[in-house]
S.K.: 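Here it is, the structure, as structure tokens.
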Number of protein chains: 2
Amino acid sequence: MDGAGLARRVVEETATRAAELTRSTGVTPCLATVLVGEDPASVTYVRMKQARSAKAGILSRHVGLPATTTTAELVETITALSNDPTVHGILLQHPVGPHIDERAAFEAIAPGKDVDGVTMHSFAAMSFGLPGFVSCTPGGIMRLLEEYDVELAGKHAVVVGRSAILGKPAGMLLLAKDATVTYCHSRTANLSALVKEADIVVAAVGRPRLIRGEDIKPGAVVIDAGYNPGNVGDVDFDTARTRAGLITPVPGGVGPMTIAVLLAQTVEAAARQLGT
Amino acid sequence: MDGAGLARRVVEETATRAAELTRSTGVTPCLATVLVGEDPASVTYVRMKQARSAKAGILSRHVGLPATTTTAELVETITALSNDPTVHGILLQHPVGPHIDERAAFEAIAPGKDVDGVTMHSFAAMSFGLPGFVSCTPGGIMRLLEEYDVELAGKHAVVVGRSAILGKPAGMLLLAKDATVTYCHSRTANLSALVKEADIVVAAVGRPRLIRGEDIKPGAVVIDAGYNPGNVGDVDFDTARTRAGLITPVPGGVGPMTIAVLLAQTVEAAARQLGT
């Protein structure tokens, strides 16, 4: 499944919409990026998001905070962005460091600006099928499945991983589309047997090549949302591709879709806030 | 599994705690019950909750609204209760009638008074393992499993049903206890085969005797959260009991636990609001 190609199209559509919005309202959509500390991988991610934003006609407002920032200071910073009418979306780069209450920081993001889909409100909205912003990676997965006309109703989706921003919301979005959903994780007794039943596998656990080709049911759709050092996913691509009906590569699968959804949701947030 | 017996003990503990709280603070815990219209079953449920509250030393404040109440009026009523310091918990009796936006009404309940666990905040808190109030029926199920020392970590729990106040939160609470969780529902292709795999079955779908004994894995724990006309659960009790290791009856299983959790959470809410 060509996530990179689909992401390009989504970003092009987003750029067109951003340009129209800027023209009709005089306001350019703006994404605030908040980074605590100077973790090299996080710095790279944030720069990449800013560069993609610029290409799509979205302004970036970067807030870099020292690694010593307290929870209260971070909450205050994010609250100010939530209240700032010139900011339409807010991204807090994860992780924020162990001394910070990340949940408190996330919750300071106004639901209407939660374009990364990390708040409790957004999670519940995804779970209940209510309007709101989705977590970007699960949202990107759903967009890929839609693009490839993957039937979900009545199919068995096995989600490996249960993080708050990836596994859990991915399962809830699949459930909302009438899939039967199984959540597996590090404590699951017989992962291999459960994956073998899956019509759709979502690997979102961060363990290199955990899912082997021999466990893929022939014809199954395999979504690899893992990203491990050395450009390796959670799925053993070479063995899985021979059995899967559809499969996402790493890189070039889910990854590009994540940023595409972030940008699309930022423009959507701006449109709603600007009342268009 | 003797839900009625455990519920009696939980209510006794709750009554003791309520009495201590009243003695030490001079304030008696108060549960507001809100009922829209005069649906006979809803009237009965609310009266039962009030009677149990009284026995546990919890005040009831009943707000009965006509069936013609609008969403805006209901939201206003609930918001006033959320802001009223003499009310510690709020229960909006479900269902509220098709012309009302039930979600908007639920969301008017302050998270700290959401003793029925129906808000988006409470759902996300359950899902993320954060402090908060649980949905009462799933909370009652978890308390029963704990009481009977049912091991959950690594076990396969199959939840049949995906409602916002029962199936979905039950699955999330089981997942938080490290169970592998499968959500089945009306669109699930092969329910029987999936139930056969379950170490723990939670039936929460409202279809009389949907789960048959032949589908129960020998020794499995069967929780019947269904309640259908004629005191019939979602599980065919007579055939399932011969294979299950543990099973809840209907009535006398999950039902009494639901109210017990409601009362316990009301007293907990009062204790938190009174700063004890």
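No hydrogens, no waters, no symmetry mates; every other heavy atom, side chains included, goes into these values. Convention: sequence-line order gives letters A, B, ...; per-chain numbering from 1.
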S.K.: Side chain, backbone, both or neither: which part of B:H121 has a non-hydrogen atom closer than 4.5 Å to chain A?
M.R.: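 Contact with chain A involves both backbone and side-chain atoms of B:H121.
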S.K.: Using a heavy-atom distance cut-off of less than 4.5 Å, which residues of residues 126-136 of chain A contact chain B?
M.R.: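 From residues 126-136 of chain A, the residues near chain B are A:S127, A:F128, A:L130.
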S.K.: Quick check on A:L194 against chain B: is it the side chain, the backbone, both or neither that has a heavy atom closer than 4.5 Å?
M.R.: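 When you check distances to chain B, only side chain atoms of A:L194 fall under 4.5 Å.
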S.K.: Considering non-hydrogen atoms only, spot the tightest contact between B:G154 and A:A189 and give its length.
M.R.: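 For B:G154 versus A:A189, the nearest heavy atoms are O-CB, 3.4 Å.
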S.K.: Looking at B:M120, B:K168, B:K155, which one has more heavy-atom pairs under 4.5 Å with chain A than the rest?
M.R.: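 Ranked by contacts with chain A, first place is B:M120.
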S.K.: Output the residues of residues 171-180 of chain A for which the shortest heavy-atom distance to chain B is under 4.5 Å, in residue-number order; output 'none' if no such residue exists.
M.R.: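 Listed by number, the contacting residues are A:M172, A:L175, A:D178, A:A179, A:T180.
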S.K.: Do you know which of A:H185, A:H156, A:E197, A:E107 has the most heavy-atom pairs under 4.5 Å to chain B?
M.R.: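 Among the listed options, the one with the most contacts to chain B is A:H185.
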S.K.: Given B:T182, which of A:T182, A:V158, A:V181 fulfils the side-chain contact (heavy atoms from CB on, under 4.5 Å) condition?
M.R.: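 Going through A:T182, A:V158, A:V181 one by one, the side-chain contact (heavy atoms from CB on, under 4.5 Å) with B:T182 is satisfied by A:T182 alone.
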S.K.: Hey, what do you get for CZ (A:F123) to CZ (B:F123), rounding to the nearest 0.5 Å?
M.R.: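 Answer rounded to 0.5 Å: 5.0 Å.
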S.K.: Just jot down the side chain to side chain donor-acceptor pair (under 3.5 Å) partners of B:R143, sequence neighbours excluded, or say none.
M.R.: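 B:E147.
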S.K.: Give me the contact list for residues 205-228 of chain A versus chain B, heavy atoms only, anything under 4.5 Å, ordered by residue number.
M.R.: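 Answer by number: none.
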